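To keep things clear, I will list the structure first and then write my remarks on it.
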Amino acid sequence: MAESYNVKEIEAKWQVRWETEGLYQVDNDDPRPKVYILCMYPYPSGAAHQGHVRNYTFGDLIVRYRTMKGDAVLSPFGFDSFGLPAENAAIKTGIHPRVFTGERIAELKDSVRKLGAVYDWRREIKSHDPSYIKWSQYIFTKFFEAGLAYKKNAPVNWCPGCQTVLANEQVLADGTCERSGDLVIKRDLEQWFLSTTKYADELLDDLDQLDWPERVKTMQRNWIGRSYGTKFSMQIEGRDGLFLEVFTTRPDTAFGMTYAVIAPEHPMIEELTTTGCRQEVESFRAEALERSDIERQSTDLNSKTKRGAFTGSYAVNPFTNKRVPIFVADYVLMGYGTGAIMAVPGEDQRDYDFAKTYGLPIIRTVRPPEDFQGEAYTGVGEKINSEWLNGLEIDEAKAKANEFLVNIGLGQTTTEYRLRDWLVSRQRYWGCPIPIVDCQNCGLVPLPLDQLPLLAPDDVEFLPTGESPLATHRNFKYTTCPNCGGEAIRETDTMDTFVDSSWYFLRFCDPTNDQLPFSQEAIKTWMPVDQYIGGIEHAILHLMYARFFTKALSDLGYLSNDIREPFSRLFTQGMIRLGGSKMSKSKGNLVAPQKYFDTVGADSLRLFHLFVGPPADDFDWSDQTDDVIEGCFRFLNRVWRISLGEAESFPGVKIEITDRQLNDADTEVLRQTHRLIAKVSEDYERWSYNTAVAALMEFTNLLYKYGGASAERSTFTFAVDTLVKLLAPMAPHISAEIWERRNGGFVHAQKWPIADPELLKADRETLVVQVNGKVRDKIEVDPLIDEPTAIALVNQSEKVAAAVGGKEIKKMIVKLPKMISLVV
RNA sequence: GCCCGGGUGGUGGAAUGGUAGACACGGAGGACUCAAAAUCCUUUGCCCCCAAGGCGUGCGGGUUCAAGUCCCGCCCCGGGUACCA
């Protein structure tokens with residue numbers, strides 16, 4: 001370990017100073033321009049890990065930078081403190097989740113402070129705090145009253161590991177739980193939902209206006225999955241008044257329908273199955289329903305093998321008045337469209353595969369290109385085999401087919417979504433209780449505001465039963481109706497913790513309001529969040545739920561109408577991997593920040609995270625990483641020595657300061673200082689922190705040479721003070737200490753320096769001379785050199801002459817003062 | 001399969017179509033020291049004894065005076081997503 005400045009003493013000193021001085025506390029009536037910077041509030045799982053460090057380092061840099069630029073920066077912090085780990089710990093150890101969570105919060109808060117990240121702690125929020133629960137429940141109640149929260153019986157995702165239901169979004173593609181990794185099964189349960197689908201269009205369309213990473217927007221678009229299509233009914237042959245409704249996005253292909261398919265769960269399956277086919281259909285259906293979703297959806301193994309059975313019934317194609325057989329098959333899902341399709345094997349690969357398996361006819365209705373090699377053809381082309389649609393392009397044919405269906409009264413256009421309503425009830429204890437009672441007389445009744453917050457009792461038994469511990473707590477469960485006073489049963493499920501995180505950023509604007517979740521004025525002051533920073537893992541879940549809440553609360557009048565989106569800009573940082581997988585507590589591959597706090601300090605660790613690569617990129621932690629962190633520490637020590645080298649003496653550091661008229665060397669350093677200001681400011685704005693750090697290092701190296709060779713006093717002072725100011729958002733402790741020792745006061749209260757455009761101009765430029773695209777000479781020239789002078793210099797160059805070799809110059813491209821390119 | 005990213009020295013990474021490899025890690029050498037650590041300085045893409053020169057940004061083509069950067073076709077790696085009709 002290097003001999004160095006006193007890391008621990010200095011870092012501890014400034015962490016206290018920033019809080020006692022209230023440098024980063026902002027009031028809602030602050031006159032400065034307002035900016036809201038927010039890192040996703042964490043689940044408190046104990047001391048911060050490197051992912052947190054990275055996140056809060058970026059956030060803190062922006063907060064300090066914008067503050068120096070003169071803005072009032074809202075930078076709050078809180079804890080997403082409801083959740084499963086605390087309850088699982090309670091089941092295991094008997095420690096109450098509140099006690100367990102309190103300890104984890106204290107650890108996390110301590111390490112966040114040790115990182116030197118500054119927040120307005122007066123605004124701290126904890127999801128499990130009664131003052132927060134109260135308003136979560138209030139909002140739920142308002143949603144219920146507005147018809148946005150409702151209860152229904154539905155087949156839901158049940159995770160045996162977590163002993164609770166999950167939202168669709170929480171089930172991974174392979175059918176496992178995103179939390180526990182257990183295989184999720186289907187169960188029919190009475191559950192609470194929030195009507196996210198009511199906002200499907202807006203959630204989709206408003207993505208366009210957001211300054212978010214394109215891939216996050218794409219993921220949300222795919223998740224919402226809007227498709228425009230047609231629903232139409234087909235008469236069942238020989239069954240008067242019985243119709244099968246199907247959904248298609250390609251009504252133009254109806255002439256190519258050679259069969260129809262219903263999902264195994266389709267309600268008409270009984271009616272449609274004839275006696276002769278009953279046995280086969282029944283056994284197929286039983287088999288299909290038993291198959292788990294993963295099996296049913298696994299395409300890698302059986303993509304070409306579609307399973308199904310003939311029902312014995314026929315549907316009449318309204319376009320041809322010909323009958324087609326109706327099959328039941330599990331490649332059709334009950335949850336989408338009408339749970340029934342018209343099958344067009346010529347233009348749909350799944351239908352094609354099924355048709356091949358069952359020997360059904362295949363008719364093309366779009367002419368594929370001559371060289372088409374595939375099976376089903378989904379591209380553009382001319383309509384064929386389609387009577388009155390023949391010759392048309394697909395879009396025209398779609399319109400005509402729709403018109404036809406509307407005219408005969410059998411169909412209409414419609415929009416379908418992949419998005420489902422959000423299932424929010426959880427059979428767990430450590431979450432926000434749902435403030436509804438079920439009254440024998442009045443039905444579902446929300447608790448009035450004066451009875452909120454409804455808090456879960458402490459004296460419950462934590463057992464892995466699959467039911468909320470609240471359900472076995474008689475005093476909690478049995479209650480009276482707030483409406484009529486009659487007997488009532490309390491809802492014993494709690495809310496998904498994503499409910500808490502869907503509005504916390506609003507509460508930060510007005511965290512102590514005891515009349516409302518937040519006031520309109522406070523929201524107007526701060527919202528929307530100008531910069532939101534967090535992990536890509538929340539691309540769909542949290543970010544879409546928060547958007548939904550914002551829109552719903554806006555419609556309910558809690559936000560001003562113009563606030564329809566919570567997060568104007570989103571930045572998703574790269575993750576930190578170790579040994580090929582994401583560094584996380586559950587994987588047990590953490591490299592704890594504490595050991596760096598204890599040795600090289602928080603500043604070095606922060607600098608490392610900024611320096612190691614583009615913030616959006618993933619980073620692989622390796623054996624060399626400690627060396628790089630050490631390198632950052634070395635750099636900070638170099639800054640320490642060069643800036644305090646006059647006051648103290650350091651081995652090997654030689655600084656000679658003189659008073660004199662500025663010479664060329666001094667002017668050059670002055671220029672470089674202004675260039676540094678421009679470079680670092682620009683890099684801060686474009687999230688290019690690694691290059692900003694590199695520029696600071698380069699400049700420090702320059703100062704060593706300058707100081708060693710005799711520096712002019714005012715130039716050197718200006719250069720060093722500028723360096724310290726530019727470094728202050730990145731490595732706040734050491735910058736604060738150096739500044740105080742040199743100048744007194746707070747570096748973070750200084751104005752961000754502004755580069756003088758005059759001094760940004762170089763006094764020499766390197767003119768590169770290319771011959772046939774190859775660099776043949778470099779000539780130092782005046783930046784304002786004119787073309788004849790430059791050409792004259794080029795003509796004097798022996799290297800250029802050698803490369804030209806007496807050949808004729810056909811062309812000359814001149815881009816002064818940087819480049820002249822000769823073509824011979 | 002589809003949709004995004006990404007392939008640049010030993011390593012992490014720089015580079016508005018205009019000097020490829022900034023900065024750092026690691027390596028080599030030197031100064032200081034009784035010695036070491038720390039510090040400071042020099043050097044470090046490859047070929048070549050050196051120089052001159054040549055070769056170099058996953059592969060193959062193309063556009064251009066000029067391509068890591070733009071276009072076309074591939075290969076590999078990472079992530080997301082998946083019977084959504």
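Bear in mind that the values here come from a model prediction, so they are computed numbers and not experimental data. All chains are named by letter (A, B, ...) in the order of the sequence lines, taking the proteins before the strands, and each is independently numbered beginning at 1.
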Do A:Arg776 side-chain atoms and A:Gln770 backbone N/O form a donor-acceptor pair below 3.5 Å?
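Such a contact is absent between A:Arg776 side chain and A:Gln770 backbone.
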
Taking the six-membered ring for Trp, are A:His609 and A:Trp621 parallel (under 30°), tilted (30 to 60°) or perpendicular (over 60°)?
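If you compare the ring of A:His609 with that of A:Trp621, the planes turn out tilted.
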
If you look at every strand shown and take non-hydrogen atoms under 4.0 Å, does A:Asp351 touch a base, only sugar-phosphate, or nothing?
nothing

Checking all strands, does A:Arg226 fall into the base, sugar-phosphate, or nothing category for heavy-atom contacts under 4.0 angstrom?
nothing

Same-atom distance ([atom1]) from [N] to [M], integer angstrom:
{"N": "B:rC32", "M": "B:rU42", "atom1": "C1'", "result": "15 Å"}
{"N": "B:rA37", "M": "B:rG80", "atom1": "C1'", "result": "50 Å"}
{"N": "B:rU44", "M": "B:rA38", "atom1": "P", "result": "23 Å"}

Identify each atom pair where a protein N or O and an N or O of nucleotides 46-48 of chain B are less than 3.5 Å apart, giving names and distance.
none

[X] side chain N/O closer than 4.0 Å to the phosphate oxygens (OP1, OP2) of [N]?
{"X": "A:Arg418", "N": "B:rA85", "answer": "no"}
{"X": "A:Tyr331", "N": "B:rA85", "answer": "no"}
{"X": "A:Lys774", "N": "B:rG56", "answer": "no"}
{"X": "A:Asn222", "N": "B:rC2", "answer": "no"}
{"X": "A:Arg221", "N": "B:rC3", "answer": "no"}
{"X": "A:Ser227", "N": "B:rA85", "answer": "yes"}
{"X": "A:Arg215", "N": "B:rU81", "answer": "no"}

In Å, rounded to the nearest 0.5 Å, how long is the span from CG of A:Leu543 to CH2 of A:Trp212?
4.5 Å

Which parts of residues 251-259 of chain A get close to RNA chain B, meaning a heavy atom less than 4.0 angstrom away?
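The stretch gives none, as no residue of it lies under 4.0 Å from the strand.
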
Have [X] and [Y] got a donor and an acceptor in their side chains that come within less than 3.5 Å?
{"X": "A:Arg577", "Y": "A:Asn589", "value": "no"}
{"X": "A:Asn402", "Y": "A:Thr413", "value": "no"}
{"X": "A:Tyr331", "Y": "A:Asp351", "value": "yes"}
{"X": "A:Thr357", "Y": "A:Tyr352", "value": "no"}

Residue mapping more 5' on RNA chain B - nearest nucleotide basis, A:Asp627 or A:Asn690:
A:Asn690

Does a sphere of radius 6.0 Å around CD in A:Gln412 hold more than 12 heavy atoms from other residues, nucleotides or ligands, not counting ones at 6.0 Å or beyond?
no

Are the side chains of A:Val591 and A:Leu578 in touch, meaning some heavy atoms are under 4.5 Å apart?
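Of all side-chain heavy-atom pairs linking A:Leu578 with A:Val591, at least one is under 4.5 Å.
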
N-glycosidic conformation, B:rG78 - syn within 90 degrees of 0, else anti
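Anti.
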
Nucleotide by nucleotide, nucleotides 60-73 of chain B touches protein heavy atoms under 4.0 Å in the pattern (B base, S sugar-phosphate only, - none) -----BS-------

Given B:rA22, B:rA85, B:rC40, which nucleotide is nearest the side-chain atoms of A:Arg638?
B:rC40

Compute the ring centroids of A:Phe699 and A:Tyr704, then answer whether they are less than 6.0 Å apart.
no

Assess the pair A:Phe354 and A:Tyr259: is the distance between their ring centroids shorter than 6.0 Å?
yes

